[in-house]
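Working notes for the structure below.
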Amino acid sequence: MRKLNVGLIGAGFMGKAHVIGYSNMPKLFWPAPAMPILKKVCDIVPEIAEEAKERFGFEQCCTDWKEVVNDPTIDVVSICTPNDSHAEIAIAALEAGKHIICEKPIAATLEDAERMEATAVKAAENGIISMNAYQYRRVPALVLAKKFIDEGSLGELLNIRCTYLQSWSADPNSPLSWRFQKKIAGAGTLGDIASHVIDIAQYLGGDIDEVVSMMKTYIKERPVQEGGVDLLGTVKLGSDAKRQAVDVDDEDTFLVKFKNGTVGSIEATRNAWGRNNYITVEVHGTEGTVFFNYERLNELQVCWAKDPDDRRGFKTIYTGPAHFYGEATWNIPGMNIGYGELKTIEMYDFIKAIATGEQPSTNFKVGCRVEKVCHAVEKSSETNKWEKVID
Ligand code: SOE
């Protein structure tokens with residue numbers, strides 16, 4: 001079986017998620033499309049790099065990402081660093097002939113995203129694969145929703161309503177990590193989580209054409225976190241900690257019009273007490289409705305218009321071996337998958353793309369389109385008008 005040497009850059013939260021994906025992929029999907037070998041891990045903090053090597057089972061570690069990208073033995077690069085470094089690393093890796101999977105959002109600026117897309121298109125001519133880590137569209141229940149849409153079971157699409165609500169930044173003492181700094185993250189909630197539901201909305205409904213939006217920053221300053229990994233609000237800093245201004249959005253609410261005439265809405269915030277990873281997707285069509293909530297990620301609710309009046313209502317389909325990515329979903333519906341299996345499904349699609357030479361559904365062109373929608377959302381929040389997504 002073909003072996004692919006993996007270089008991982010950024011060994012924090014998402015680095016761990018990629019490692020789980022690589023390691024578990026051949027265990028859930030067999031025969032695997034190719035065998036990932038954990039070769040080299042990189043983190044700018046030497047202790048984190050050393051720990052990642054030992055803990056995750058990499059053969060080598062380093063603190064300079066260029067050592068990964070320039071290593072001729074590396075075939076595949078995972079980019080799990082903060083957003084402002086994606087472009088430089090991804091472009092160098094693509095030019096060095098490495099296949100890459102890059103965390104979302106694709107970049108901190110639209111200019112960088114466009115440069116990444118252009119480099120990926122060129123690299124694709126030589127069979128190089130590029131992928132953005134928009135894993136949620138791969139949840140089996142959402143792939144099932146997409147099947148119902150594509151086969152026409154929902155009829156004509158009327159409305160796609162999506163939310164992504166979390167609570168980890170609702171506490172004003174949650175530290176000012178890189179996610180609250182525009183120069184590193186590019187945007188706040190918009191790039192961090194609204195981007196996921198923009199991707200899902202476009203996956204289900206096609207390209208978004210226009211948006212009208214409101215963006216708000218509720219917590220104007222936060223205590224500064226000095227170095228270390230981003231702990232996503234699990235650590236609160238004391239009231240004596242130095243505070244610094246937040247220059248990104250906490251909440252984004254926008255209406256969307258799709259190119260095909262469907263309308264919809266997207267709401268995202270990391271300040272919603274009681275909501276954890278509350279990604280909801282509701283699609284209304286002339287023949288029925290589907291509803292999905294990530295906090296119940298193994299379920300898809302469906303309601304068919306054609307059912308008799310006295311029994312029409314939502315029924316719940318538990319995804320399992322009969323559905324998409326059934327190999328990853330254990331043998332019995334209700335045994336359930338979680339975030340780890342989802343990242344494993346994502347790695348399966350990535351490694352399969354390398355093995356077949358076919359670009360994955362979340363390639364850099366798709367990642368860049370999400371960025372273009374984000375750009376229109378930002379513009380509309382300033383102009384208070386409908387803004388076109390510019391291709
Ligand atoms: C924090 O909001 C975060 O880790 C995002 O960055 C991820 O993309 C999301 O999947 C989970 O929450």
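Because only heavy atoms are used, hydrogens play no part in the values below, and waters and symmetry mates are left out as well, while side chains stay in. Remember, it's 1-based here, ligands and their atoms both numbered in the order they're listed. Bear in mind the structure is a predicted one, so any value in this text is a computation, not a measurement.
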Proximity winner for atom 1 (C) of ligand 1, if only heavy atoms of Leu342, Thr189, Asp192 are counted:
Asp192
Non-hydrogen side-chain atoms of Lys343 and His18 separated by less than 4.5 Å:
yes
side-chain hydrogen bond (donor to acceptor under 3.5 Å, both in side chains) with Tyr164: which of Asn277, Thr189, Asp192?
Asn277
Enumerated ligand 1 atoms positioned under 4.0 Å from heavy atoms of Ile193
2 (O)
Give me the nearest non-hydrogen protein atom to atom 4 (O) of ligand 1 as residue plus atom name, then the distance to 0.1 Å.
Phe13 CE2, 3.1 Å
Heavy-atom contacts with Tyr164 under 4.0 Å: which atoms of ligand 1 show up? List them by number with element.
9 (C), 10 (O), 11 (C)
Please confirm whether the ring centroid of Tyr136 lies under 6.0 Å from the ring centroid of Tyr294.
yes
For ligand 1 and Trp168, I'd like to know whether there is a polar contact (N/O to N/O, distance under 3.5 Å).
yes
Arg179 near ligand 1, heavy-atom distance under 4.0 Å?
yes
Among the heavy atoms of Lys104, does any lie under 4.0 Å from an atom of ligand 1?
yes
Those atoms of ligand 1 less than 4.0 Å from some heavy atom in Tyr136
9 (C), 10 (O), 11 (C)
Kindly say whether the aromatic ring centers of Phe148 and Trp304 come within a distance under 6.0 Å.
yes
Under 4.0 Å to a heavy atom of Gln166 - the qualifying atoms of ligand 1, by number
1 (C), 2 (O), 11 (C), 12 (O)
Within the distance-only criterion (no hydrogens, no angle test), does the side chain of His323 pair as donor or acceptor with the backbone N or O of Ala141 below 3.5 angstrom?
no
Who are the side chain to side chain donor-acceptor pair (under 3.5 Å) partners of Asp199, not counting sequence neighbours?
Arg137
Could you tell me whether some N/O pair between Tyr339 and ligand 1 is separated by less than 3.5 angstrom?
no
Going by the rule salt bridge (Lys or Arg N to Asp or Glu O under 4.0 Å), which residues pair with Asp64 if we only count those two or more places apart in sequence or in a different chain?
none
